[in-house]
Structure formats: C-alpha cells, structure tokens
Amino acid sequence: MLKNKTIFTMSILAAAIALSACQPKQTEPKQDQAAASEAVQAEALKLAGDVEKLTLALPECDGNSCPEISIERLSSNQAFIDDFIDQQILKQLDQILDISPKLLKENQQATTAENPKDAKAQDQAAEQPASLAVETPKQKLEQQVAPYLVNFLSLDKELKALSANHQISLMIKPKILNADLPLATVVLNSSSYLGGAHGSSSQRYYNFDLEKKKQVELNDILAPNQKAALEKKAHEVFKAWVIESKLANSVEEYEQAWKFTLSDNFYLSSQGLILQYGEYEIGPYVVGLPRLTIPYDQLQTVLKKQYLPPVEAKNTSAPASTATANKAQS
C-alpha cells in the first residue's frame, strides 16, 4: 500500500513539473513590447527626412543670361517642422523679391490668367468632396510660390530691356543639422543675384523641441537672468574676431561703424553655441556671414542643464572661443 502511494505521489509531481515546463515565460513578451515601444518613441523624437525640389515653370531660354531659380522644401517625419519651414521659405522670398501686398495680389491674378487650365482645375477641386481633393504640401507651396516666380521673371525682362546682360538667380534650400536631442535643428540657406554690384546670401537656423512640438528661441535655452552674461561672453569673442581679422586698428574704432549686437540666430553645435549673423549686421559686405562660437565650458552657468552636453562628451581641448566669416555654410 505504501509503495502504491509513493508511486502515485511521484507521478503527480512529475506531471506538475512537465506542465510547468510547457508554460510560456510571461516576462519575455513584456520586455519585447517595452523595447519596441521605446524604439518607436525614440524614432518619433528624431528628425529624419530629405528635401524635395519645387517644380517651377521657366520660359524657354538659350544662352548664358537665362534666369535661374531653385527652391527646395523639407519633407520629413515631423509635419509641424515642414509646415514651419515652408512659411519661412515664403518669408525669404518676400524679403528677396520685396513684393508689396498689392503687387503680390496682382501676380496671383496674373498667374491665374496665364494658366486658365490650372484655375479650372482648382475650381473643380473645390467642388469635389474634401476626401477627393487631396493637395500635397509640395503642391500647396508651389502655388504659393507662383506669384513670386512671376515677379522674378518680370525683373529679368526689365533688366534685359535695359540691355543689361545679367543672369539673375535665386536659391533657397533647407537642411537638417541636428536630428534629435537636445534640439532638432534645420538651417535655411538662401542666395540671390538680382542685378547690381553683387549678390546676397543668408543663413538662418531654426531649433525645435520634438517632444513638445514647438520652436525653441534663444531665450528658452538660457538659465534665469543669464542673457547679460551671454552677451558679455559673445562680445569678447566679437572683439577677438575684429583683431584677428584685422578689420580695424582697435575694437573701439571698429564699433564706431559696426557696433556689436547679440544675435538670436543660433544652434547647438558639437563645438559650442553658434551665434550666426547676417550680411551687414556686425560688419561690411566683405566679411560675409560672420559666426561666433562660444564653447560649452564657458556656458556651464549660462545655459540650462538640458542644453549642455554630458560631461564625458565635452571636448576639453576645444579653443577658448572662435569667430569665422562665411558666405553660406551648412
């Protein structure tokens, strides 16, 4: 009897062990799901994409004086940034071509009159249900750029009527610099030549918090009450630039014509905080687009902690501070 009970107990134990061995582990799927979720979140907090060139109709032209225009827009995984950059492209065009609201409206009407098929297509699209009338961001921007193209080509005709053998040109192109934390950065480069002694160029940086989906200004990255401290440090870099570039015999003499100002055009580079300046902001045309670089080791109490690089990532051998001039850097 005892022997039978022992055999029965062992059989139950063996069955229990076999059953537990067949049960799937519950922790692994949860870990996999957590890892997948973190990967999705990390991807959402990273700016990725490329540029796409707008299709702009230019008249047939032969020779070396044909007008050239190239406008590209950003097409990324962050729609709010793409929309923002599109608006900045239109602002750049407005500044470069200097179109008054009245002339802009006249050009819009001229564009519609010259392209009756496009106008008819727009009317038909407006009559269609919203689900069928789908317009891509690129097409929308092309329509908004069309009046500026009319003005650009009108300027070309005026110059040629004056027997000026100029080749006018205009270029606007965005580029992703910083893709993720602490800030995603897009630079918008532009250059143009519309006749005259020389052309013009600009370089503007736009910084974004991908988590909050908003643009970040210079004041947003500064620690409380530190703007004056930043301005002082930037002024020191400016002084060194004036002397090293041999722009004047003294900083005081130089600032009689080109007084220092603190730029709000910035981005966080691997070397430090970059302050970018436009033409004629802190120097004559010959200096191009000056930029001042302030290393992070000088900004430990100036910037908010989240905008400083980790201690192990800091370049301790970086120069004290630098300034450069350029026509169009990326």
Side-chain angles (χ1 to χ4, degrees), residues 84-85 87-98 169-175 177-178 183 185-207 215-222 226-269 271-295 298-299 302-303 319-330:
F84 181 91
I85 296 300
Q87 294 307 309
Q88 299 310 311
I89 289 172
L90 293 173
K91 287 182 179 180
Q92 285 276 353
L93 285 170
D94 204 46
Q95 293 173 3
I96 294 171
L97 294 172
D98 193 22
S169 62
L170 193 158
M171 180 279 296
I172 301 178
K173 182 177 182 178
K175 181 181 179 181
L177 290 184
N178 295 338
L183 293 174
T185 306
V186 176
V187 60
L188 189 62
N189 288 309
S190 70
S191 64
S192 61
Y193 175 71
L194 303 178
H198 52 70
S200 180
S201 60
S202 71
Q203 191 168 61
R204 186 78 196 184
Y205 299 99
Y206 301 99
N207 303 278
Q215 184 190 8
V216 176
E217 304 281 1
L218 179 63
N219 287 337
D220 297 327
I221 69 171
L222 299 179
Q226 289 299 308
K227 190 166 186 178
L230 175 64
E231 185 168 3
K232 183 177 180 181
K233 292 178 182 297
H235 196 191
E236 292 301 317
V237 182
F238 168 82
K239 292 176 181 178
W241 169 65
V242 170
I243 299 302
E244 292 170 6
S245 302
K246 298 180 181 179
L247 299 175
N249 294 325
S250 69
V251 176
E252 292 75 16
E253 176 187 337
Y254 185 80
E255 288 203 89
Q256 289 180 5
W258 303 102
K259 195 164 183 65
F260 169 78
T261 59
L262 182 66
S263 175
D264 62 355
N265 186 8
F266 80 96
Y267 87 96
L268 301 172
S269 73
Q271 291 80 30
L273 174 66
I274 301 290
L275 297 176
Q276 179 69 58
Y277 290 83
E279 294 174 340
Y280 302 110
E281 281 195 278
I282 56 171
Y285 179 80
V286 68
V287 303
L289 302 175
R291 52 167 51 182
L292 309 179
T293 304
I294 308 174
Q298 296 185 23
L299 299 170
V302 175
L303 298 184
S321 44
T322 60
T324 59
N326 60 293
K327 291 306 296 177
Q329 294 183 12
S330 57

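Heavy-atom basis, side chains included; hydrogens, waters and symmetry copies ignored.
Side-chain contact of T261 with E281: a donor-acceptor pair under 3.5 Å is absent, judged by distance alone. The closest side-chain donor-acceptor pair between H198 and E279, if any, does not fall under 3.5 angstrom. Residues S190 and Q92 bring a donor and an acceptor atom of their side chains to less than 3.5 Å of each other.
Taking 4.5 Å as the limit, every side-chain heavy atom of T185 sits out of range of all side-chain heavy atoms of L268. Taking 4.5 Å as the limit, every side-chain heavy atom of I282 sits out of range of all side-chain heavy atoms of V287. In this structure, Y254 and F260 have side chains that are not in contact, with every pair of non-hydrogen atoms separated by 4.5 Å or more. At least one side-chain heavy atom of F238 sits under 4.5 Å from a side-chain heavy atom of E255. Side-chain contact check for L273 versus V302: every heavy-atom pair is 4.5 Å or farther apart. The shortest distance between side-chain heavy atoms of W241 and L247 falls below 4.5 Å. Within the 4.5 Å cutoff, side-chain heavy atoms of L289 are placed close to those of S201. Here the side chains of L177 and Y205 are in contact, with some heavy-atom distance below 4.5 Å.
Residues passing the salt bridge (Lys or Arg N to Asp or Glu O under 4.0 Å) test with D264 are R204, sequence neighbours excluded. Take N219 and apply the side-chain hydrogen bond (donor to acceptor under 3.5 Å, both in side chains) test, not counting sequence neighbours, and it matches K227.
For the residue pair L218 and L222, the shortest heavy atom distance occurs at O-CG, 3.4 Å. Shown here for W258 and Y280, the closest heavy-atom pair between the two residues is CZ3-O, 3.3 Å. The minimum heavy-atom distance linking I274 with S269 is given by the pair CG1-OG, 3.6 Å. Here the closest heavy-atom approach between residue I96 and residue L194 is recorded as O-CD1, 3.5 Å.
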| query | Passes side-chain contact (heavy atoms from CB on, under 4.5 Å), L183 versus N178? Steps please. | reply | CA-CA 7 Å; L183 293 174; N178 295 338; 5.6 Å; no
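The CG atom of L292 sits 10.0 Å away from the NE2 atom of H235 when rounded to the nearest 0.5 Å. Atom NZ of residue K91 and atom CD1 of residue I85 lie 11.0 Å apart, to the nearest 0.5 angstrom. To the nearest 0.5 Å, the span separating OG on S191 from CG on L170 amounts to 7.5 Å. Atom CG of D94 sits about 8.5 Å away from atom CG of L90, to the nearest 0.5 Å. For the atom pair I294 CD1 and Q271 CD, the distance stands at 13.5 Å (nearest 0.5 Å). How far OG of S192 is from CD1 of I172: 8.5 Å, rounded to the nearest 0.5 Å.
Applying the ring-ring contact (aromatic ring centres under 6.0 Å, His included) test between Y206 and each of F266, Y267, F84 identifies F84 as the sole match. Among V237, T293, L262, the single residue meeting the side-chain contact (heavy atoms from CB on, under 4.5 Å) criterion with L275 is L262.
Formation of a donor-acceptor pair under 3.5 Å by the S263 side chain with backbone atoms of Q276 is found in this model. Formation of a donor-acceptor pair under 3.5 Å by the Q226 side chain with backbone atoms of L303 is not found in this model. With hydrogens and angles disregarded, no donor-acceptor distance shorter than 3.5 Å links the side chain of Q215 to the backbone of N207.
The residues E236 and K233 are annotated as not salt-bridged, no charged nitrogen and carboxylate oxygen being separated by less than 4.0 angstrom.
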